[in-house]
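Notes for the one structure printed next.
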Amino acid sequence: AHPLIPGHEFSGEVVETGAGVDKSLLGRRVGIFPLIPCRSCSFCRKQQYELCRNYSYLGSRRDGGFGEYAAVPVWNLIALPDKVSYEEAAMLEPMAVAVHAMRRVRINGEDRAAVCGLGTIGLLLVMFLREAGVKNLFVVGNKDSQRRAAERIGLSQDQYCDARDPELGRRLLDCTGGLGADVFFECVGKNETYDLALESLAAGGRLVAVGNPASDMLLSKDRYWKILRSQLTVTGTWNSSFTHEPGDDWRYVLDRLSEGKIAPAELISHRISLEDLRRGLEIMRDKTEDYGKVMGLASS
């Protein structure tokens, strides 16, 4: 029901526990998995909680992280190692989403990979692909600030393609030696970029649909033929895996944060107090200035 308090990417300290909850949690630094699964449907019984059809969600279906306090089920907490900051932990959710997309396809260091769309998820995905040893990596952005962000996280100018280039398709093909990409992550959700992804894939290639659709998605006859004749694989990805087991997406991210292999704070462009949060939301809504990750900080 509305109004409710938004905020699904957050971290914090446990300051109070409910009845029957272990008091040793008090004072614990934690990250928060925002999806609250029903725990009883067929997907939940297989620990595929991201596919639960009867879920609740912190920040959209119940009050979330922009409040002074948030009530979070114990099951949704993940303890933070001392080396992981609150800022980094507040980015666990989008990092896990990026990792989930990456792990939806088998990718190795020799694959030619492309990422189209350099918002937070796209840039985090680039970070994790690089950390996983993918060297033949090419990205498509549509702002000078995105080009600078790509360079800041280690990509060369030759690996960056500008979406405003009228010869973008040819440029991407040239980047892959005329062969096309083995894996293409579409992180925008528009017809043009989806079409570019199919156009740019090599035979036997894999397309990972990451971006939420901005409108109806249309598939031309020619592109459909390419899916058939080139035996392409089109894969959807949604949310992330959180099972409390070592192999889930959240533990994968936390391990790399703890080891200093990933530096998500590089993407934070604004640090804004919760009292001034409206300004941060308006920057994102109105695009009055370039931004990466807008981080809301609670008063200490």
Side-chain angles (χ1 to χ4, degrees), residues 9 87-88 90-165 168 171-172 174-176 180-190 193-194 196-197 200-202 205-212 235 237 239-240 249-250 252-257 259-269 290-295:
E9 301 175 12
E87 278 192 353
E88 292 171 325
M91 297 178 72
L92 279 171
E93 197 275 341
M95 284 191 282
V97 168
V99 163
H100 194 65
M102 180 179 75
R103 298 172 88 187
R104 290 285 292 145
V105 287
R106 295 186 182 91
I107 191 163
N108 61 61
E110 303 308 311
D111 280 331
R112 300 176 300 276
V115 176
C116 181
L118 297 181
T120 299
I121 298 296
L123 287 168
L124 289 170
L125 179 54
V126 170
M127 283 186 175
F128 281 104
L129 287 167
R130 282 171 49 80
E131 194 278 329
V134 178
K135 300 180 185 66
N136 299 317
L137 179 59
F138 308 94
V139 302
V140 179
N142 66 353
K143 298 185 181 102
D144 292 338
S145 59
Q146 292 180 351
R147 175 182 53 76
R148 292 191 295 270
E151 291 174 358
R152 215 165 41 242
I153 63 176
L155 295 185
S156 68
Q157 290 185 5
D158 291 340
Q159 291 175 285
Y160 182 85
C161 300
D162 196 316
R164 298 165 292 188
D165 184 348
L168 175 59
R171 167 99 169 95
L172 260 180
D174 289 345
C175 286
T176 61
D182 297 303
V183 185
F184 197 112
F185 296 91
E186 198 285 327
C187 302
V188 179
K190 290 187 177 179
T193 46
Y194 198 82
L196 175 70
S200 303
L201 279 170
R206 292 95 77 197
L207 166 59
V208 187
V210 185
N212 294 338
T235 299
T237 182
N239 215 292
S240 57
D249 296 329
W250 284 63
Y252 182 102
V253 171
L254 209 50
D255 287 346
R256 281 150 185 78
L257 274 179
E259 295 164 9
K261 293 180 177 179
I262 294 291
E266 291 275 348
L267 304 183
I268 299 173
S269 59
D290 287 338
Y291 65 89
K293 187 67 179 172
V294 179
M295 182 71 66

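Residues Ala149 and Leu123 share a closest heavy-atom pair of CB-CD1, 3.9 Å. Here the shortest heavy-atom pairing between Val208 and Ala101 reads CG1-O, 3.9 Å. Of all heavy-atom pairs between Leu207 and Ala197, the closest is CD1-CB, 3.6 Å. The minimum heavy-atom distance linking Gly117 with Cys187 is given by the pair O-CB, 3.7 Å. When all heavy atoms of Leu125 and Ala98 are compared, the closest pair comes out as CD1-O, 3.5 Å. The shortest heavy-atom contact between Cys175 and Cys161 is SG-SG, 3.9 Å.
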Please evaluate residues Phe184 and Val115 with respect to the criterion side chain to side chain contact (heavy atoms under 4.5 Å, CB included), reporting the C-alpha separation (whole Å), side-chain torsions for both, the decisive distance (0.1 Å), and the verdict. CA-CA 6 Å; Phe184 197 112; Val115 176; over 6 Å; no

Please evaluate residues Ile121 and Val210 with respect to the criterion side chain to side chain contact (heavy atoms under 4.5 Å, CB included), reporting the C-alpha separation (whole Å), side-chain torsions for both, the decisive distance (0.1 Å), and the verdict. CA-CA 9 Å; Ile121 298 296; Val210 185; 4.1 Å; yes

Decide yes or no on side chain to side chain contact (heavy atoms under 4.5 Å, CB included) for Met95 and Leu257, but give the supporting numbers first. CA-CA 10 Å; Met95 284 191 282; Leu257 274 179; 3.7 Å; yes

Should Leu118 and Tyr160 be marked as a side chain to side chain contact (heavy atoms under 4.5 Å, CB included) after you check the CA-CA gap, both sets of side-chain angles, and the distance that decides it? CA-CA 11 Å; Leu118 297 181; Tyr160 182 85; 3.8 Å; yes

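A donor-acceptor distance shorter than 3.5 angstrom exists from the side chain of Ser269 to the backbone of Gly292, with no hydrogens or angles considered. For the pair Glu259 (side chain) and Arg256 (backbone), a donor-acceptor distance under 3.5 Å is absent. At distances below 3.5 Å, at least one donor-acceptor pair connects side-chain atoms of Gln159 with backbone N or O atoms of Leu137.
Val105 has its side chain within reach of Phe185: a pair of non-hydrogen atoms, C-beta onward, lies under 4.5 Å apart. In this structure, Lys143 and Arg148 have side chains that are not in contact, with every pair of non-hydrogen atoms separated by 4.5 Å or more. Proximity of Val99 to Leu124: side-chain heavy atoms (C-beta onward) are nowhere separated by under 4.5 Å. Inter-residue side-chain proximity for Val140 and Leu168 is flagged as met; some heavy-atom pair is nearer than 4.5 Å. Residues Phe138 and Asp174 are not in side-chain contact: their nearest non-hydrogen atoms beyond the backbone lie 4.5 Å or more apart.
Annotation: salt bridge (Lys or Arg N to Asp or Glu O under 4.0 Å) contacts involving residues 93-103, sequence neighbours excluded, comprise Arg103-Asp249. Pairs of residues two or more places apart, or lying in two chains, that qualify as salt bridge (Lys or Arg N to Asp or Glu O under 4.0 Å) and include a residue from residues 107-120 are Asp111-Arg206, Arg112-Asp182.
With values rounded to the nearest 0.5 angstrom, Lys261 atom NZ is found 15.5 Å from Met127 atom CE. Distance check: Tyr252 OH to Met102 CE gives 3.5 Å after rounding to the nearest 0.5 Å. Put simply, NZ on Lys293 and OG1 on Thr120 are 5.0 Å apart, with the number rounded to the nearest 0.5 Å. Rounded to the nearest 0.5 angstrom, Thr176 OG1 and Leu201 CG are separated by 10.0 Å. Put simply, CG on Asn108 and NZ on Lys135 are 9.5 Å apart, with the number rounded to the nearest 0.5 Å. Here the CG-CD distance, from Leu92 to Glu9, works out to 10.0 Å after rounding to the nearest 0.5 Å.
Atom CZ of Arg164 sits in a crowded spot, with more than 12 heavy atoms from other residues, nucleotides or ligands closer than 6.0 Å.
Figure legend: cation-pi geometry between Arg130 and Phe128 absent, as NZ or CZ is not positioned both under 6.0 Å from the six-membered ring centre and within 45° of its axis.
Scored by the salt bridge (Lys or Arg N to Asp or Glu O under 4.0 Å) test, Asp255 finds no partners at all (sequence neighbours excluded).
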